[in-house]
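These notes are about the structure you will find just below.
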Amino acid sequence: MIKYNPKKIEKKWQNKWDKDGLYRADDKSKKPKYYQLETFPYPSGAGLHVGHPKGYIAEDIHARYMRMNGREVLYTMGWDAFGLPTENYAIKVGKSPQEVARANIKNFKRQVKMFGLSYDWDREIDTSSPEYYKWTQWLFIQLFNAGLAYRKTATVNWCPKDQTVLANEQVVDGKCERDGEPVIQKEMEQWFFRITDYTERLLSGLEGLDWPEATIKRQKDWIGKSEGAVLNFSLNHISGQEDGKHSVEIFTTRPDTLFGATFLVVSPELAKKWLDLGWQASDKVKTYIKESLDRKELDRLEAVGDKTGVDADIKAINPATEKEIPVWIADYVLGSYGTGAIMAVPAHDERDLEFAVKFNLPIKEVVVPNIIDRRNPPVKGKKSVERRNIHAIVRDPDTGKYLGLKWRKFDWTTFPMGGVEDGEDIVAAAKREVEEETGFVNLKLVKVIEGQVRAEYFAAHKDENRVAYTTAVVFDLIDREQVEIDEKESSAHDIIWLDSSKLNYENMTHAEVDIWNERLHSKSPAYTGDGVLINSEKFDGLDSAKAKGEIVKSVGGKKKVQYRLRDWSVSRQRYWGVPIPMVHCPDCGIVPVPEKDLPVKLPTLKDYRPKGKPPLASSEKFMKVKCPKCSGEATRASETLDTFVDSSWYYLRYTDPKNDKNIFDKDKVDHWMPADLYVIGAEHTVLHLLYSRFITKFLNDQGHLNFEEPFLKLKHVGLIQGEDGQKMSKSKGNVVNPDDLVDKMGADTLRLYEMFMGPFEDGQPWDSKSILGVYRFLNRVWVLYNKSEMEGKNDELNRILHKTIKKTGEDIENFRFNTAVSGFMKLLNELEEHERISQDQAETFLKILAPFAPHLVEEIWTDVLGHKKSVHLESWPAYDKKLIVEDSADVIVQVNGKARGVIKLPVGSEEAKTREEALKEKNVSAHLEGKNIKKVIFIKDRLINFVI
RNA sequence: GCUCGGGUGGCGGAAUGGUAUACGCACAUCACUUAAAAUGAUGCGGGAGAAAUCCCAUGUGGGUUCGAGUCCCACCCCGAGCACCA
């Protein structure tokens with residue numbers, strides 16, 4: 001018998017499939033289309049490690065499965081070849097980026113090909129080829145013509161090491177995403193794409209996509225929509241200037257808390273603008289502004305939680321109370337969000353509270369949570385009384401128990417409680433109630449729980465409805481000295497001591513008690529939830545949601561929707577990218593390069609290193625150009641595009657990759673797109689996906705596409721770690737190279753192993769021993785087919801075979817490849833136990849294994865079974881529903897829920913029969929001996945449980 | 001700090017609320033071999049027992065249920081993301 005030699009057979013079949021064009025996607029096919037997209041790789045110098053192909057293999061299996069199920073599958077590969085790493089690497093080794101990129105692509109392609117992936121290679125694309133970037137430039141010009149690409153001077157993120165601008169999204173923790181260099185802020189004129197015009201559509205388009213929930217959430221968070229209002233505060237007392245002439249706008253999402261705004265905070269950026277406009281501030285204020293603006297983003301992030309600020313010595317007028325409030329400058333308010341200034345409501349915002357406490361600023365409560373007591377709800381027709389209440393929470397430190405009242409006439413358990421009399425101090429009122437109701441007199445104040453709670457309930461002992469505004473006061477008992485109490489009190493309730501676990505609404509009558517608990521444990525006493533307004537004059541008693549609109553109206557503010565998303569900065573001051581196709585003319589301004597002159601080719605430069613200005617700027621030959629409008633002397637744009645522009649539309653190009661007249665043919669793109677499945681690393685959840693969705697919507701608006709969302713279904717691939725459980729990287733020395741592995745054990749082994757490792761979306765550490773398991777499995781398949789006689793029939797095998805067909809299909813569709821592989825192993829274990837399998841059974845097994853191990857199966861299919869046509873042109877076998885149904889069932893017999901035996905019964909056996917058989921079981925009867933059966937739980941064909 | 005995921009043998013992991021530990025790795029013993037590798041067979045969560053079998057175990061503690069890895073509550077630990085966005 002010939003030995004299984006993957007090295008020999010895999011290359012052979014790959015060449016044959018290539019030659020036959022087996023995986024070419026036919027634009028004109030009558031079959032329903034299925035477009036499978038895959039992250040196109042950035043071809044780095046290091047080549048692939050075993051972690052990279054995991055997603056590719058999964059997609060390949062899926063693609064082969066879809067083809068076998070009658071779909072015309074578009075499945076492709078290309079190269080995201082422009083970009084910084086290639087350029088930096090080229091500088092390091094003293095070669096040109098062109099050379100380096102070419103070599104990298106060649107190596108990547110060789111590696112990718114050895115995995116036996118069923119790409120349509122005729123559609124390969126390379127973003128650094130003029131044939132591709134011509135259309136990237138065309139896209140830029142379309143955006144420019146639509147007013148969506150524009151220049152503006154802005155503070156941008158600058159990486160001093162790479163000497164280029166970074167998009168907000170490329171800054172991680174204040175550092176360059178690529179090399180960890182701290183990013184600095186710089187004022188520069190830059191190209192931007194107006195993605196903020198699409199915020200609402202980028203949000204609404206997420207509805208109905210089959211994407212992981214976490215990814216949708218992250219996109220939403222990134223866009224960061226918040227609805228609020230812009231309110232105007234007039235300013236007084238600006239030193240050296242006339243009163244009443246100035247004002248400041250603030251953005252808030254909580255206009256309902258306006259009455260609680262006890263000061264304003266202005267960002268250093270806005271304060272700087274005031275200085276520039278002639279504000280005469282004190283030296284102290286000027287120093288603070290300068291220092292905070294000089295601080296790097298990174299330091300500002302590190303300082304979170306340690307608030308700094310300075311009194312601006314300006315007064316503002318709260319438009320609701322018309323009272324004067326101070327204005328402060330602090331860097332916890334961002335210059336780049338909203339209006340750069342806020343109203344501070346310390347009672348209802350944690351950050352404002354922290355600031356107010358630190359600088360001793362007033363705190364005013366204006367919203368209280370509102371509870372309608374569900375056990376003692378207000379009774380219709382009874383009079384309603386408003387009360388200011390206290391609850392006294394008294395702990396006995398000796399026992400750790402809490403003082404409670406058990407009412408005699410009602411089924412109530414309460415704290416000592418009561419009303420606060422006019423002008424009475426809250427603590428005093430609480431002490432008074434404890435004394436009156438329980439007689440305890442020696443109390444030590446622990447704390448007043450910040451914030452009132454409003455509750456509506458029926459007070460049966462007074463036969464009235466109450467709206468109570470309650471504050472809780474916590475005491476420790478100093479000693480147990482008690483004074484005599486009034487007969488009226490002592491007859492109403494008994495004193496009881498409650499365990500701390502009983503202090504909740506389940507065990508106590510107060511609807512407020514759960515909130516007391518929550519507040520006792522929470523870190524910040526600021527109440528940030530909704531509720532009912534207090535201390536807000538005519539708005540008192542109003543629901544906070546309702547109050548928002550009314551207060552905005554009453555002070556002449558305007559509603560405003562604010563987004564976190566900023567416009568996308570796209571110019572880069574580096575060489576290895578797409579030249580921006582624009583001309584700067586002294587007379588005509590900025591003029592796009594005419595379409596007929598595209599592409600603007602990236603010139604070959606001897607010295608392409610960055611020197612603080614774009615490398616292209618130093619090439620006179622490149623820069624000098626005639627203005628397309630007036631033909632006068634002009635210069636080209638010297639910057640290149642962010643590579644995310646290249647990758648924001650590549651998936652469209654696959655549908656018509658060779659078109660040199662148009663970016664793509666409309667019929668073709670509308671036929672294949674949107675992509676039905678996209679497998680992509682979780683690290684791309686914000687940047688690439690958001691940009692791609694934006695570009696798709698834009699091209700749709702321009703009439704080039706008839707759909708708005710490019711990717712219908714998204715799957716994330718979990719990272720394979722090194723054997724040490726850490727992320728694979730050269731520096732850690734834990735990289736496993738697929739070349740040696742494929743050479744030794746074959747691509748089929750690698751494919752099967754990577755799918756078998758665990759759930760697809762999770763990451764697992766590589767295990768060089770574990771892979772032997774699947775290698776053995778494939779060897780056993782090989783041996784089985786080479787020695788078994790494919791004759792006769794074996795009905796016993798049909799059941800597991802057909803079950804496996806069903807399971808494999810379902811597993812592939814749900815990306816549960818690990819259990820699909822274990823299913824194959826179980827099936828093989830079964831097959832090996834039978835001497836003979838029929839030709840039909842043998843073929844069926846091969847067909848379902850084919851997507852996973854395409855080479856091995858093809859070899860057996862043609863060589864052993866003698867087929868002329870490729871197994872990869874076969875249809876997915878149908879399973880026989882009748883064969884899957886068992887004719888006997890293993891019924892679990894339990895006594896009191898514990899399994900005591902299993903009985904085999906014909907499928908569909910009724911309770912009486914099952915019971916009879918179950919009782920015959922020795923072990924079962926032993927457990928039932930002499931006991932009364934109280935109850936029997938019976939689930940047909942599954943279980944019978946005797947409860948005794 | 002906030003928001004999501006997730007804690008199951010020595011390891012990767014499996015398990016519509018119904019015999020937890022499938023499948024594979026590692027390990028042990030045996031067969032084949034002069035020997036090793038390869039291959040095959042058997043065993044393999046912990047404890048008690050000669051065995052039948054019993055008890056305990058899915059991060060910890062409670063709860064719901066005839067029955068919980070699975071559902072609910074609290075806590076602990078790990079991972080990911082966001083991080084002063086008013």
Side-chain angles (χ1 to χ4, degrees), chain A residues 3 172-174 212-215 217-218 221-222 224-226 228 250-255 257 261 265 267 300-301 303-307 330-334 336-345 348-352 354-355 501 504 523-524 528 562-566 682-683 685-686 719 725 752-753 756-759 761-774 776-777 779-780 783 816 818-829 832 890-902 922-923 926-927 934-939 942-948:
Chain A
K3 211 175 157 286
V172 177
D173 289 340
E213 245 174 79
T215 303
K217 189 178 173 291
R218 286 186 60 190
D221 287 351
W222 195 264
K225 179 178 182 175
S226 53
I250 60 96
F251 173 73
T252 179
T253 56
R254 294 296 302 271
T257 63
V265 187
S267 64
R300 239 173 114 155
L301 277 170
V304 168
D306 183 24
K307 300 226 169 0
D331 70 358
Y332 83 91
V333 173
L334 305 177
S336 52
Y337 184 78
T339 62
I342 61 152
M343 66 178 202
V345 185
H348 305 293
D349 183 281
E350 286 175 25
R351 296 150 302 181
D352 298 344
E354 192 192 332
F355 194 80
S501 64
N504 50 47
K523 301 229 159 50
S524 173
T528 55
Q562 184 73 43
Y563 300 90
R564 220 179 76 122
L565 184 70
R566 318 281 159 81
E683 68 276 14
T685 46
V686 174
L719 235 55
L752 219 62
Y753 174 60
F756 183 58
M757 288 175 81
E761 300 198 76
D762 293 354
Q764 296 86 17
W766 184 265
D767 184 353
S768 53
K769 290 240 179 74
S770 225
I771 192 170
L772 290 171
V774 290
R776 282 178 201 138
F777 166 77
N779 268 291
R780 280 160 57 201
V783 169
R816 290 190 306 243
N818 56 329
T819 53
V821 176
S822 83
F824 291 141
M825 290 173 170
K826 284 182 198 172
L827 176 59
L828 180 68
N829 289 345
E832 283 177 336
D890 291 331
V891 177
I892 301 150
V893 186
Q894 295 184 338
V895 179
N896 275 351
K898 281 191 193 275
R900 298 298 179 192
V902 185
K922 247 203 312 203
N923 199 31
H927 280 92
K934 284 191 199 136
K935 196 173 163 188
V936 178
I937 312 279
F938 172 72
I939 300 162
R942 301 211 59 140
L943 171 130
I944 185 158
N945 183 12
F946 299 102
V947 184
I948 55 174

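Chain letters run A, B, ... following the sequence lines, proteins first, then strands; residues in each count from 1. Model, not experiment: these values are computed from the prediction.
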Spacing between A/Phe824 atom CZ and B/A22 atom C1', to the nearest angstrom: 16 Å
Any A/Thr819 side-chain N or O less than 4.0 Å from OP1/OP2 of B/G13: no
Atom-to-atom span, CD of A/Glu761 to P of B/G5 - whole angstrom: 13 Å
Side-chain H-bond candidate by donor/acceptor type, A/Tyr753 with A/Asp767, under 3.5 Å: no
Row check, A/Phe355 ring normal vs A/Lys307 NZ/CZ: under 6.0 Å, within 45°: no
Interatomic distance, A/Arg816 CZ vs B/C23 P [rounded to whole Å]: 18 Å
Pairwise P distance, B/G59 and B/G10 [rounded to whole Å]: 13 Å
Nearest-angstrom distance from the residue atom CG of A/Asn945 to P of B/C66: 10 Å
Sugar-phosphate, base or nothing in reach of A/Asp221, heavy atoms under 4.0 Å: nothing
Nucleotide nearest A/Thr253 when distance is taken to its side chain, options B/A86, B/C25, B/A22: B/A86
Closest nucleotide among B/G18, B/G24, B/C66 to the A/Ser770 side chain: B/G24
Sugar-phosphate, base or nothing in reach of A/Arg780, heavy atoms under 4.0 Å: sugar-phosphate
Phosphate-side-chain proximity, A/Lys769 and B/C25, N/O vs OP1/OP2 below 4.0 Å: no
Whole-angstrom distance between B/A20 and B/U29, as gauged at atom C1': 27 Å
Between B/G13 (P) and A/Asn818 (CG): distance, integer Å: 9 Å
Phosphate-side-chain proximity, A/Arg776 and B/A26, N/O vs OP1/OP2 below 4.0 Å: yes
hbond_proxy A/Lys934 side chain to B/C66 base (donor-acceptor, 3.5 Å cutoff): no
Syn/anti state for B/G9 [syn: chi within 90° of 0]: syn
Distance below 4.0 Å between A/Asn829 side-chain N/O and B/A22 OP1 or OP2: no
Minimum-distance pair of heavy atoms, taken over all atoms of A/Val345 and A/Asp352: N-OD2, 2.9 Å
B/A26 versus B/G45 - spacing of their C1' atoms, nearest Å: 15 Å
A/Arg254 (side chain) donor-acceptor with A/Thr528 (main chain) under 3.5 angstrom: yes
A/Met757 and A/Pro765, any side-chain heavy atoms less than 4.5 Å apart: no
Qualifying residues under side-chain contact (heavy atoms from CB on, under 4.5 Å), relative to A/Ser226, sequence neighbours excluded: A/Phe251, A/Thr253, A/Tyr337, A/Gln562
Side chain of A/Val902 (C-beta onward), nearest among B/C23, B/U19, B/C82: B/U19
Atom P, compared across B/C56 and B/C23: separation rounded to whole Å: 26 Å
Touch class at under 4.0 angstrom, heavy-atom based, for A/Ile939 against every strand present: base
Approximate separation, where rounding is to 0.5 Å, of A/Thr819 OG1 and A/Met825 CE: 12.0 Å
Pairwise P distance, B/C4 and B/U8 [rounded to whole Å]: 22 Å
Whole-angstrom distance between B/U58 and B/U70, as gauged at atom P: 9 Å
Nearest-nucleotide pick for A/Phe756, side chain only, options being B/A86, B/G24, B/C4: B/G24
A/Pro759 or A/Leu943, whichever maps to the more 5' nucleotide of RNA chain B: A/Pro759
Side chain A/Asp349, main chain A/Ala344, donor-acceptor under 3.5 Å: no
Whole-Å distance separating the CD atom of A/Glu213 from the C1' atom of B/G6: 16 Å
Secondary-structure notation, RNA chain B, from Watson-Crick and G-U pairs under 3.5 angstrom (| other strand): (((((((..(((.....[....))).(((((.......))))).((((....))))..(((((..]....))))))))))))....
Rounded distance (Å) that lies between atom C1' of B/G81 and atom CZ of A/Arg564: 11 Å
A/Tyr337 vs B/A86: side-chain N/O to OP1/OP2 distance below 4.0 Å: yes
Sugar-phosphate, base or nothing in reach of A/Asn779, heavy atoms under 4.0 Å: nothing
From CG (A/Leu565) to NZ (A/Lys225), nearest 0.5 Å: 13.0 Å
Whether A/Gln764 side chain and A/Pro759 backbone form a donor-acceptor pair below 3.5 Å: yes
Donor-acceptor pair present, A/Gln894 side chain and B/G18 base, under 3.5 Å: yes
Rounded distance in Å between the C1' positions of B/C27 and B/G12: 16 Å
Minimum heavy-atom distance between A/Ile948 and A/His927, given as atom pair plus value: CD1-O, 3.7 Å
Residue whose nearest RNA chain B nucleotide is more 5′ - A/Phe251 or A/Ser822: A/Ser822
Given B/C66, B/G12, B/U19, the nucleotide with the shortest approach to the side chain of A/Pro765: B/G12
Interatomic distance at C1', B/G62 relative to B/C76, whole Å: 15 Å
Touch class at under 4.0 angstrom, heavy-atom based, for A/Ser226 against every strand present: sugar-phosphate
Approximate separation, where rounding is to 0.5 Å, of A/Ile250 CD1 and A/Thr339 OG1: 6.5 Å
Where protein sits on nucleotides 49-56 of chain B, one letter per nucleotide: B base, S sugar-phosphate only, - none, heavy atoms under 4.0 Å: ----SSSS
Straight-line distance of A/Leu719 CG to A/Asp762 CG, nearest 0.5 Å: 11.5 Å
Among B/C66, B/U19, B/C23, the one nearest A/Met825 by side-chain distance: B/C23
Interatomic distance, A/Trp766 CH2 vs B/C25 C1' [rounded to whole Å]: 13 Å
